[in-house]
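Along the sequence shown, residues are numbered consecutively beginning with 1. Both ligands and their constituent atoms are indexed starting at 1 by order of listing.
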Amino acid sequence: MFKKIIFFLTFSIVFCNNISANDGYNLWLQYRFIENASLREEYLKALEKLSPSGNSETINIALKELDKGLSSMLGSEFSSTSTNNNGNTLIFGAKANLPEDVILQLGNAFNEINEEGYVIRSYSLKGKNHIVITGNSDIGVLYGVYNFLKLLQTNKSIEKLNIIDSPKIKVRILNHWDNLDRTVERGYAGFSIWDWHRLPDYLDPRYTDYARANASVGINGTVLNNVNANALILTPQYLEKVEALANVFRPYGIKVYLTARFSAPIEIGGLKTADPLDADVIKWWKEKTTEIYKRIPDFGGFVVKANSEGQPGPQDYNRNHVDGANMLADALAPFNGIIMWRAFVYSEHDTTDRAKQAYPEFVPYDGQFKDNVIIQVKNGAIDFQPREPFHPMFGAMPKTPIMMEFQITQEYLGFSTHSVFLPTMYEETLQSDTYRKGKGSIVAKDLDGTLHNKRLTGMAGVSNIGNDINWTGNPMLQANWYGYGRLAWDPYLSAESIADEWLRLTFSNNKNFIEPVKEMMLNSREAVVNYMTPLGLHHIMDTGHHYGPGPWVSNLSRPEWNPVYYHKADSLGIGFDRTPTGSNATEQYAPEVAKVYNDLKSISEKDLLWFHHVTWDYKLKNGKTLWDGMALKYQEGVDQVASMIKTWNQMESYVDTERYNNIKMLLNIQYKEAKWWRDACLLYFQQYSKRPLPEGVEKPSQTLEYFQSLKFPFAPGN
Ligand code: GCW
C-alpha cells in the first residue's frame, strides 16, 4: 500500500506537474509540448537546422525565442545548435543580410511589405526543403518568427508556407495610466509594473517579458505614465529611469513615449506661464525635448490630456488645441517624434450634452494641425461604456490623422473580475460605417489611413496590466491585451478568429475545449451589456470608482457626473434624447447615420436609449413593452453568466488546475455581481415605471435601500 502511494505521488509529480501548476505568467506564449507524434515529426524534419542571418540584438532575440519555443514544443529531439549543413533549414534575417540565393526565392515579396512586415516562405534548393523568415528590417523578422511559432503552437502545417503580412497601422501602442507612486488609475491587476524606486539600476526581468509579449502581438510603443500626468517624469531623476526601460524595449521594436503635463514649464521649469505662444515656454519645451532625445534617440513622443477633467491646457491661456498641439509638435519634429493629442475633452462649461463636447473643439480645425500631430479619440463620445455608438469624430477630419483609443482595462465593465472578451466590442466600433465618404467608410479605414489617405496612423489601448502574477488580474483578460494588439496590427480581423487563436495558444488545441469556450468568450460582452446597461443605457455606475450600479446617484455638483443625467428616467419613460427634439448630438454624424439614429423605426435597439427618450410602454420589435423588455434583458445578462459558468465547469480536464480554479472563482463573483446589477437597476427604475417585473425575471433578493447603502471606499483603481 505504502509503495503504491509513493508510486502515485512520484507519478503525479513527474507527469501531472504541468497540468496542475500554471500561474498564467507565460500568457499566450505557452509553447506546450506537441503530443501528436506525427505532427512533431513533420516539424522536426522541417527544422533540422536554424540559421540566423545578421547579428543584431533583435536577431538574437529571434533565435532565443525559436530555441525556447521549439525545444519546448518538440522536446529533446530538437536541437537549435545543429550544424547539419545538409539538413532542411529555417533561415531568418532581414533582406540586407540574406544570402543572394535565398533572396532570389522571394521574388517581389519585399515590395509587398512595409518596414515592419514579414514574409514566411518555403522553398526547395538542391533537393532540400527550407523555410525563410524575412523582412525589410530585423523587427519585421522578429514579428515573422513569432508568427511562425504561432503556426506550430496552433498545430498548423508548415509545409508549403507563403505568408506575407504587414501591420496596417503605424503606431500600435499601450497607454499605461500608471502613477509614479505605482498606483494605477483604473488598474485592477495590482500595482504598476514599473518599479520607479529601483530603476534605473534594477531591471526587473518582467520588463523583458513585457516587451516580449508585446512584440509577439505586434505592439510597438508604450506610454509609461498616466495621462493625468505628473511633470516629475520629465525631470532628469526620472528620465534616467525612462531611458533604462527604453533600452530594454528597443530590441523588441518598442518605443517609449511619455505623457506631457501641459503646465510642466511652470511646475518643473520655473516659468510663470505655460502659454503655448509664449517664447520662453516654446524654448523650454524645445530644450526639454532635446534633453530627452539625448538620452533616448528613438523616443516616440508625447501624449497630452489637455483641458479635460481639470488637467491644464492651452485653453487656460485662451488658446486652442491647435496652438497647444502644434507648439509641442514643433519641439518634437526635428527628432521625428509625434504628439498624440487626446480628444477626450471634458470641460466644465458645456453641460447640454457631454457627448457633443469634443466635436466642436476639433472638427472645425481640420487641416490646421502639424503633420506630426495625431488626434487620439476614444471609441465613443462619452467614456468607455459597455456599449457606445462610434465617436462622431471618426471619418470627420479628412486632413487630420486620427487614432483610436480603446480601453483594455475594464473601468466600466466589472473590473478584472468580470470575464469580458473585448475584441467583440472593438470589432463593433471598427466596423461601424461613418458614411463620411459614402457607404463602406468604416472606422477601421479612417484608422489605417485608407479612407482619407493619411500617412500617420495609430491605435492606443489603455492597458490592463499590473504586477499580478498573471499580469491582468484574470487569465481570461489576457485575451484583451492580445486581441487589442492583433487589431492594432490589422483592424479588419474578426473577434472570432482572435478568440480562436488566443485559446489555442493559451490553453489547448482540442476542439472540445475551443468551441464551447470560444462561444462563451464571444457572448461575454453582450452579457455585460445586458446585466449593466441594456438597450443603450449608459454611465449608471456608482460614483468615482465606477464599481457596481448607481443609477440613483444625483447629488454630484456637476450635472453630467450623475447617472440620472444619462438615463433621465421619469414617470413617462427613460433615455437620453439626442435627436433634433433633444440635444441633437446626432447632427454630428454623417446625414445617413444621423437619419438611422434619429428614427425609431431604423435605430438598432442596442442603441435605443442612447439616442431616444421613450415611454415605458413603447413597443419593442419583439412586441414587448420597453419596461418588460428591459427587465428581461437584465435577466438575460444574468442567465448568460450562469451559462458561462456551466461551460467553464465542463472544462476542468482541458485546463491546468491553477488557471481553471482561478477563472472559476472569478466567474462566480461575476455571477453574484450580475445579479446585483439586475436587482439594483430594476428596483430603481421600477419606481418610475410603476410596473411589475414580467414573468421570467427573478425577484430581487434585497431592497433598493440596501443596494443604495453599499459603499466601497477602497474599490481598486480609483
Ligand atoms: O474614464 C475617465 C476615467 C478617468 C480617466 C479619464 C481619461 C485618466 O474615469 O480616470 O483619467 O477617463 O480618459 O482621461
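- A salt bridge is defined here as a Lys NZ or Arg NE, NH1 or NH2 lying under 4.0 Å from an Asp or Glu carboxylate O, and E388 with K378 fails to meet this definition.
- Each of the atoms 8 (C), 14 (O) of ligand 1 lies under 4.0 Å from some heavy atom of V227.
- The ligand atoms of ligand 1 that sit less than 4.0 angstrom from a heavy atom of E185 are 4 (C), 5 (C), 8 (C), 10 (O), 11 (O).
- Ligand 1 places these atoms under 4.0 Å from at least one heavy atom of R342: 7 (C), 13 (O), 14 (O).
- Side-chain atoms of Q670 and Y531 form a donor-acceptor pair, as typed in the model, at a separation below 3.5 Å.
- The salt bridge (Lys or Arg N to Asp or Glu O under 4.0 Å) test with K454 singles out one residue from D366, D448, D371, D446, and that residue is D446.
- Of the N and O atoms on the side chains of N230 and N179, not one donor lies less than 3.5 Å from an acceptor on the other residue.
- Considering backbone and side-chain atoms alike, H546 places every N or O at 3.5 Å or more from each N or O of ligand 1.
- A side chain to side chain contact (heavy atoms under 4.5 Å, CB included) with I402 is found for exactly one of T457, V377, I374, namely V377.
- Residue, atom and distance of the protein heavy atom nearest to atom 6 (C) of ligand 1 are E309 OE1, 3.2 Å.
- Relative to the ring axis of Y346, R354 places its NZ or CZ within 45° and under 6.0 Å from the centre.
- Note: Y210 and W194 have perpendicular aromatic rings, judged against thresholds of 30 and 60 degrees for the angle between ring planes.
- Looking at Q407 against ligand 1, nothing comes within 4.0 Å, counting heavy atoms.
- Atom 3 (C) of ligand 1 has as its closest protein heavy atom E411 OE2, 3.2 Å.
- Considering backbone and side-chain atoms alike, W177 places every N or O at 3.5 Å or more from each N or O of ligand 1.
- Relative to the ring axis of W610, R578 places its NZ or CZ within 45° and under 6.0 Å from the centre.
- The protein heavy-atom contact nearest to atom 12 (O) of ligand 1 is K378 NZ, 3.1 Å.
- Each of the atoms 6 (C), 7 (C), 12 (O), 13 (O), 14 (O) of ligand 1 lies under 4.0 Å from some heavy atom of F344.
- Here the protein heavy atom with the shortest distance to atom 14 (O) of ligand 1 is K305 NZ, 2.6 Å.
- Remark: minimum distance from atom 1 (O) of ligand 1 to any protein heavy atom is reached at D383 OD2, 2.4 Å.
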